[in-house]
A.B. asks: 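To start, I am sharing the structure in question, which I have written as structure tokens.
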Amino acid sequence: MLDLQKTQTQSSYLQDLNDVQRQAVTTTEGPVLVVAGPGSGKTRVLTYRIAYLIEKGVAPWEILTLTFTNKAAREMKERIEKVIGPRAQRVWAGTFHSIFARILRYEAQHIGYPSNFTIYDSDDTKSVIGTIIKEMNLNKEQYTVNNIRSRISSCKSNLVTPKLYETKADLREEDRVARRPYFYEIYKKYTARCKRSGAMDFDDLLFRLYELFQNHPEVADKYRRRFKYLMVDEFQDTNYLQYAIVKKFVNYPGSPRNICVVGDDAQSIYAFRGATIQNILDYGQDFKTYGIKTFKLEQNYRSTDHIVKAANEVISYNTKQIQKTIFSSKGEGHKIKLIKAMTDTEEGKRVASFIVEQKNRNHLSNRDIAILYRTNSQSRVFEEYLRNYNIAYKVFGGQSFYQRKEIKDLIAYMRLCINQRDEEALRRVINYPRRGIGKTSIEKISAFADQSGKTLWEALFAVDLPPRTKNSIGNFVRMVQGFMLKSQTEDAHAVAEHIARETGIMRELNKDKTVEGMNRAENVRSLLDGIKTFVDNDVVEGTVDSLPRNLGGGRETVDGGPIDQFDRSLSGYLQNIALMTDLDESDSKDDYVTLMSVHAAKGLEFKSIFVTGLEEQLFPSFMSMDTPEGLDEERRLFYVAITRAEQLLTLSYANSRYQYGKQRFNSPSRFLNEIEMEHLDTASPIGSKSRAAFGRIEQMMGGPQERQSSGVKGHFKRRAPQPSFHVDPKDFKPSPASEIQAGTKVLHLKFGEGKVTSIDGTRDKRVATIFFDGLATEKEKRIMLRFAKLQVVG
DNA sequence: GAAGTGATGTTTTTT
DNA sequence: ACATCACTTC
């Protein structure tokens, strides 16, 4: 029966595609460029292409797909799975950073890094740079951390090593002019410091891979042989370095150059981080002689005609772009509404009441609606009025869970436990909670490390300090060594809990009885719960893609097929979270209005979109307005914003708003004038009319006075370990793995009753594919028998 | 080494 | 407005 189903899907899925899409899917050999307008079925093309390859006999692990977000990778895998089944999970699909980190851990010995290297996030990076600037006694007005960081980042992204930098007269001249003559020294020191710490920043994950392939052709060859087909999503967002690596993968003598990149130059919104659409243009040139085929996906399946036409009009004001004509197939649809407000407060109020109206008139749920803005700080006023109107909402963006101090503190201990060279982790926790190792002592340790060539951790043992401090350090070191020992044998949760207790972090947090303090303690408990969930998980290939394939452990072979397996150790957990953001954590089941920045909305779609704060200086941002390139990027950003809408699009602006504590008056955004009147709903409630309409709604809603809040709490809360057991844990007795075979009926704590359809792998790597009838979605789970909590029934 | 005070600088940010 | 941070003072 399963087989029959499969053949049906196989024969039908190509018919879901239009002509261009189908060509893009079936042109598998040689270089391909897919220029994909918004809503044109880009993801569908990519996933079907992979499915098609696998059906033609390509092994899943011979296909490498690089994306920018974990979410995109996960979605892609899920969608391939729908077409071709669980085999899809064997495809290497992940972010540039996560895939490269896997390879780098596996090949670490070639580049003088430990395979358990730490990944420094941008806070760590900033902190290292800050320390260096301080150590060098440089004026921090001239040498601002952010400035240095972005210059270092752009060096790495353009393959300029410190060594190369030294020889570049033009770059050094730039530094002189910018009054930052010591930039080179900082860069050099920063690089050395990261290396000494056994740490890589986000750029290193790319740069070191390039270096690895460059300096070790035999290693590069291994991966070239392995990945016979390469795909890159969102190619317009790649930087110079990313494209250089992509070329390393496919450019070699005798290469079939089976590469397919998908992108839309009009949706490039990360130029400020080094992304360059030049890559798309270069790609065309670079692969010209290898018979590159270009496909333009121009039919928009997402939005109605007014929206698509307006978007086309707006983007036509950008001169540099690949010519394409996006057209809609969804009918004329509603005209675009415009909200003019006097103040930012009124804007918030009006948007909220519009949402109420839309929900009634157009039968929309909260989840169909999103409010987009240019800067995260704009969310506040919308939150306020959504609360008043009793509309559930969720704010995305802002500070992520993993960036909170209390979380970083605990994680720093965990990091130190795995990699003692990790200086940022060490600096963070050496005196937290307080143990009398102050600034002066740390400076001494640091200076000693520098002149003796030791790591900071090693310096702890050798440095000469007053007896009292020495004693404190001794206690600290012994404590961490205890954690290290424990992490050899125990799983991540056991170690983390032990650390939280032994360090006194928990005690410290529980002392604080303020609301914020209690929140912090709660956050740490949530983190521990999250680790528990991670450790307990016995599903091998389920919804979460980003779980580690323990390359370093050698369980997965690079030449053969991958054997996916969880690494439940602390090290495994850290690898898992290092590249996670909380955008990856949305629960689609809850019904809330989405609030996010336009950047964060890329790739998403909603029935109704509100694009707010359309004022000069804000959108376009004052930071980008002074250069034509900056303005173009702002315009692309606006293009991305409006093309998120399927049916309803509402634009809003305010005559005045509070910015940086001052009331400012800005004129309406120039982008508004770039939309032709014919697409705008002039009858929409504006001016006095609007007030009437607004009043009506306000009456209906009982006015905006305080009501019980229905807002989904601020940022995401980590899920506690799944409370919804299908089976009562008390009656549950797991059976030994040896009793479980194909055909066995089993009981699972979380998933209920299921039937084992097949078993693959050998010994402790045996994986059961089990069909759980009681589940609503993704009924088929693959469960590692070694960890499975399964009871044989019947 | 800790707590309190004034100056300062604010975009977006998949990883 | 707000948070961060260097600098003071105890």
Side-chain angles (χ1 to χ4, degrees), chain A residues 66-75 94-101 119-126 130 134 139-141 144-147 149-150 153 156-157 200-207 233-234 236-239 241-242 267-275 344 372-378 380-381 396-400 402-403 405 431 434-442 468-469 472 546 577-584 596-604 613 617-625 630 633-634 636-638 640-641 657-664:
Chain A
L66 299 172
T67 65
F68 276 82
T69 63
N70 295 313
K71 201 169 149 222
R74 200 184 322 125
E75 262 170 32
T95 63
F96 278 87
H97 294 83
S98 71
I99 296 275
F100 294 175
I119 295 173
Y120 274 177
D121 67 14
S122 20
D123 289 338
D124 295 317
T125 298
K126 279 194 226 168
K134 216 178 280 170
N139 178 341
K140 59 177 173 27
E141 268 85 74
T144 59
V145 170
N146 274 327
N147 230 310
R149 185 185 52 128
S150 71
S153 172
K156 288 184 186 171
S157 305
M200 295 201 198
D201 65 19
F202 289 141
D203 296 314
D204 285 330
L205 294 176
L206 311 177
F207 181 75
D233 192 15
E234 308 276 17
Q236 76 283 350
D237 289 334
T238 53
N239 62 29
L241 171 57
Q242 283 164 322
Q267 291 183 68
S268 159
I269 55 175
Y270 285 104
F272 75 97
R273 293 181 46 162
D344 48 352
L372 308 183
Y373 34 75
R374 178 68 240 268
T375 66
N376 283 313
S377 61
Q378 286 166 255
R380 234 202 54 225
V381 57
F396 290 82
Q399 202 190 28
S400 107
Y402 297 104
Q403 283 177 332
K405 183 188 175 301
N431 200 31
R434 301 255 126 75
R435 51 175 72 88
I437 309 171
K439 221 163 52 186
T440 341
S441 309
I442 294 168
R468 255 182 66 177
T469 320
S472 299
S546 46
I577 59 159
L579 297 168
M580 280 230 291
T581 62
D582 58 54
L583 228 62
D584 299 329
M596 54 170 57
S597 71
V598 181
H599 282 91
K602 188 161 131 207
L604 305 180
Q617 313 293 324
L618 182 62
F619 200 174
S621 159
F622 67 99
M623 296 292 288
S624 320
M625 282 174 72
E633 176 143 318
E634 294 288 315
R636 290 193 296 267
L637 196 53
F638 183 54
V640 166
R657 79 171 56 237
Y658 277 91
Q659 255 176 313
Y660 307 133
K662 274 208 185 76
Q663 192 180 26
R664 283 169 208 263

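We use all heavy atoms of the structure for the numbers below, so side chains are in, but hydrogens, waters and symmetry mates are not. Every chain is numbered from 1 and lettered A, B, ... according to where its sequence line falls, protein lines coming before strand lines.
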A.B. asks: I need the CD-P distance between A/Q378 and C/dA1, as an integer number of Å.
C.D. replies: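 It works out to 17 Å between those atoms.
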A.B. asks: Nearest whole Å is fine: how far is C/dA1 C1' from A/R664 CZ?
C.D. replies: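 Whole-Å distance recorded here is 12 Å.
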A.B. asks: Any donor and acceptor pair, going by atom type alone, linking the side chain of A/Q242 with main-chain N or O of A/N239 inside 3.5 Å?
C.D. replies: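 Side chain of A/Q242 to backbone of A/N239, a donor-acceptor pair under 3.5 Å: yes, one is there.
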A.B. asks: Please work out if A/K439 contacts a base, only the sugar-phosphate, or nothing of the nucleic acid, heavy-atom cut-off 4.0 Å.
C.D. replies: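 Result for A/K439 = sugar-phosphate.
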A.B. asks: Across the strands shown, which category fits A/G603 at heavy-atom distances under 4.0 angstrom: base, sugar-phosphate, nothing?
C.D. replies: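 Here A/G603 touches no strand at all.
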A.B. asks: Please give, in whole Å, the distance from C/dA3 C1' to A/D123 CG?
C.D. replies: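 Value for this atom pair: 14 Å.
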A.B. asks: Can you list the residues that meet the side chain to side chain donor-acceptor pair (under 3.5 Å) rule with A/E633, with sequence neighbours excluded?
C.D. replies: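 Side chain to side chain donor-acceptor pair (under 3.5 Å) list for A/E633, sorted by chain: A/R636.
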A.B. asks: Can you check the A/K662 NZ to C/dC2 C1' distance for me, whole Å?
C.D. replies: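 Between C1' of C/dC2 and NZ of A/K662: 14 Å.
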A.B. asks: Between B/dT14 atom C1' and A/E75 atom CD, what is the distance in whole Å?
C.D. replies: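 After rounding, the gap between these two atoms is 13 Å.
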A.B. asks: Could you pull out all residues at least two apart from A/Q267 that satisfy side chain to side chain donor-acceptor pair (under 3.5 Å)?
C.D. replies: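 Counting only residues at least two positions away or on another chain, A/Q267 forms a side chain to side chain donor-acceptor pair (under 3.5 Å) with A/D264, A/R644.
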A.B. asks: By side chain to side chain donor-acceptor pair (under 3.5 Å), which residues pair with A/T67, not counting sequence neighbours?
C.D. replies: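 A/T67 satisfies side chain to side chain donor-acceptor pair (under 3.5 Å) with no residue once adjacent residues are dropped.
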A.B. asks: Which residues pass the side chain to side chain donor-acceptor pair (under 3.5 Å) test with A/K156, not counting sequence neighbours?
C.D. replies: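 Only A/D201, A/D204 meet the side chain to side chain donor-acceptor pair (under 3.5 Å) criterion with A/K156.
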A.B. asks: Round to the nearest Å and state the distance from A/N431 atom CG to B/dG1 atom P.
C.D. replies: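 Rounded to whole Å, this separation is 7 Å.
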A.B. asks: For A/K405 and C/dC5, what is the distance between atoms NZ and P respectively, to the nearest whole Å?
C.D. replies: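 It is 13 Å, rounded to the nearest whole Å.
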A.B. asks: Under the rule for ring pair (Phe, Tyr, Trp, His ring centres under 6.0 Å), what residues qualify as partners of A/F96, not counting sequence neighbours?
C.D. replies: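 Only A/F68, A/F100 meet the ring pair (Phe, Tyr, Trp, His ring centres under 6.0 Å) criterion with A/F96.
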A.B. asks: Using a 4.0 Å heavy-atom cut-off to protein, can you give one letter per nucleotide of nucleotides 4-13 of chain B, 5' to 3': B if the base is in contact, S if only the sugar-phosphate is, - if neither?
C.D. replies: ------BBBB
